[in-house]
Asks: 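A single structure is presented below for examination.
This is a predicted model, so every value here is computed, not measured.
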Amino acid sequence: MKRLPLLFLALLIFPIQALAQNAIEPPLITVTGQAEVRVPPDEVVFTLGVESVDKDMLAAKKRTDDSVREVLAIARRNNVKPEDVQTSFISVQPKYNTDDLEYTARQSVKREFVGYQVSKTVAVILRDISRFDALLSDVLKAGVTRLSNVEFRDSQIHKHRDQARAMAMKAAQDKANLMAREIGQSIGPAYSISEGVTNPYSQANVSQNRLEAFADNAAGSESGSAIAPGSISVTAQVTVRFRLM
């Protein structure tokens with residue numbers, strides 16, 4: 001007997017839930033707002049590679065370590081904090097005279113052991129980009145053999161992303177107002193808001209060929225900065241459904 005009231009209650013709740021799920025939405029207008037904020041970068045990340053080759057593995061390691069220590073000293077002289085420098089990758093591998101040859105060219109060359117290649121990767125965050133040229137020129141002279149990447153960044157990305165998001169919301173509201181007025185109506189409160197998938201932070205990276213050109217001309221250059229960082233694009237997109245009044 002106790003099961004009957006529970007069964008009656010379940011049957012009573014089910015139609016109410018079904019009715020809520022099938023409820024008709026009020027008259028709505030759906031619009032999308034987009035915005036972009038362009039800001040100058042205020043920090044730069046260098047990804048540097050140091051490598052040495054020697055048949056004596058310990059000798060190769062020592063030369064690589066010496067170059068890395070010099071890079072760290074250069075970073076300190078440019079007011080880079082210890083937490084902004086990281087040695088992130090170490091590798092030791094045998095190197096042969098055919099490693100850099102095309103497959104077809106290897107067939108006519110006798111493969112010989114050249115030595116052990118000891119490599120380290122160092123990432124440096126420079127928060128004063130006015131010292132960009134000085135730091136990069138110095139590290140290239142210090143024995144850096146590979147300049148993998150130079151990435152200009154915005155340290156206040158969250159602030160600028162919020163600014164772009166607010167601008168996108170304003171753009172959506174303005175668009176909805178304009179469209180509603182054209183049919184003699186107005187908009188009421190927002191019924192739903194969703195954020196679109198965009199690239200909120202377009203980083204200003206330097207292409208590899210520009211890195212190579214800079215590396216070739218860095219030593220002794222006194223003609224001003226060799227790389228212009230430009231600006232960073234911070235974007236936002238929202239979709240808003242407003243009630244039509």
Side-chain angles (χ1 to χ4, degrees), residues 41 43-78 80 82-127 129 131-153 199 201-230 232:
E43 63 183 27
V44 58
V45 181
F46 299 95
T47 304
L48 311 167
V50 179
E51 59 186 40
S52 299
V53 179
D54 198 292
K55 289 185 178 180
D56 184 338
M57 185 188 301
L58 294 179
K61 180 180 182 302
K62 183 180 183 305
R63 286 205 300 271
T64 299
D65 289 342
D66 289 344
S67 293
V68 169
R69 278 192 287 269
E70 180 60 24
V71 170
L72 299 181
I74 291 169
R76 287 194 298 270
R77 290 199 297 270
N78 283 273
V80 176
E83 59 266 28
D84 289 337
V85 182
Q86 180 180 10
T87 302
S88 55
F89 182 76
I90 301 173
S91 75
V92 179
Q93 59 184 3
K95 187 171 178 62
Y96 297 87
N97 62 329
T98 56
D99 288 350
D100 299 326
L101 298 178
E102 299 268 344
Y103 176 77
T104 53
R106 294 181 185 180
Q107 309 308 309
S108 58
V109 178
K110 182 181 178 181
R111 189 170 186 250
E112 295 180 358
F113 176 69
V114 176
Y116 294 100
Q117 179 176 283
V118 179
S119 306
K120 290 186 178 183
T121 299
V122 183
V124 179
I125 302 176
L126 180 65
R127 301 189 187 278
I129 63 174
R131 306 183 71 90
F132 175 91
D133 291 281
L135 185 144
L136 189 50
S137 295
D138 287 347
V139 296
L140 290 174
K141 296 173 187 176
V144 168
T145 55
R146 187 177 65 260
L147 182 56
S148 301
N149 191 39
V150 174
E151 176 190 338
F152 292 92
R153 303 194 311 192
N199 180 11
Y201 181 21
S202 179
Q203 300 164 334
N205 285 31
V206 181
S207 63
Q208 185 61 37
N209 58 347
R210 290 176 67 197
L211 291 176
E212 292 171 356
F214 180 84
D216 290 340
N217 296 283
S221 175
E222 298 180 358
S223 57
S225 180
I227 294 180
I232 293 173

Asks: Side chains of F46 and V139, heavy atoms from C-beta outward: is any pair under 4.5 Å?
Replies: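 SC-SC contact between F46 and V139 ruled out.
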Asks: Please report the closest heavy-atom contact between R131 and N78, naming both atoms and the distance.
Replies: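 That would be NE-OD1, 3.0 Å.
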Asks: With side chains defined as the heavy atoms from C-beta onward, is the minimum distance between V45 and R153 less than 4.5 Å?
Replies: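 With C-beta onward as the side chain, the pair touches.
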Asks: Between S52 and V118, is there a side-chain heavy-atom distance shorter than 4.5 Å?
Replies: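 Heavy-atom side-chain distance check fails, nothing below 4.5 Å.
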Asks: Look at the side chain of T98 and the backbone N and O of R111, then say whether any donor-acceptor pair between them is shorter than 3.5 Å.
Replies: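 Not at all, since once roles are kept as given, no pair shorter than 3.5 Å links the two residues.
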Asks: Would you indicate whether K95, at its atom NZ, is surrounded by more than 12 heavy atoms from other residues, nucleotides or ligands within a distance under 6.0 Å?
Replies: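 More than 12 heavy atoms, drawn from other residues, nucleotides or ligands, come within 6.0 Å of this atom.
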Asks: Do I125 and Q86 have side chains that approach each other closer than 4.5 Å (heavy atoms only, starting at C-beta)?
Replies: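 The answer is no; the side chains never approach within 4.5 Å.
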Asks: Is any side-chain heavy atom of E70 less than 4.5 Å from a side-chain heavy atom of V144?
Replies: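 When only atoms from C-beta onward are counted, V144 and E70 do not touch, as no gap falls below 4.5 Å.
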Asks: Treating N97 as the side-chain partner and K110 as the backbone partner, does any N or O pair qualify as donor plus acceptor under 3.5 Å?
Replies: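 It does hold such a pair.
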Asks: Check whether any side-chain heavy atom of V80 lies under 4.5 Å from a side-chain heavy atom of L135, and answer yes or no.
Replies: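 Yes, at least one pair of side-chain atoms sits under 4.5 Å.
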Asks: Under the rule for side-chain hydrogen bond (donor to acceptor under 3.5 Å, both in side chains), what residues qualify as partners of K62, not counting sequence neighbours?
Replies: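 side-chain hydrogen bond (donor to acceptor under 3.5 Å, both in side chains) check on K62 returns D66.
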Asks: Are D65 and K120 side-chain neighbours, meaning at least one heavy-atom pair lies under 4.5 Å?
Replies: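 Contact flag for D65/K120 side chains = yes.
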Asks: Answer yes or no: are there more than 12 heavy-atom neighbours, outside Y103 itself, under 6.0 Å from its atom OH?
Replies: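 No, the 6.0 Å shell around OH holds no more than 12 heavy atoms from other groups.
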Asks: Taking all non-hydrogen atoms of both residues, which atom of V150 and which atom of F132 are closest, and how far apart?
Replies: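 It is CG1-CE1, 3.6 Å.
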Asks: Hey, is CD on E102 packed in by over 12 heavy atoms from elsewhere, all under 6.0 Å?
Replies: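 No, CD of E102 has 12 or fewer neighbouring heavy atoms, counting only those of other groups under 6.0 Å.
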Asks: If I compare all heavy atoms of L136 with all of L48, which pair ends up nearest, and what's the gap?
Replies: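 L136 and L48 have their closest heavy atoms at CD1-CD2, 4.5 Å.
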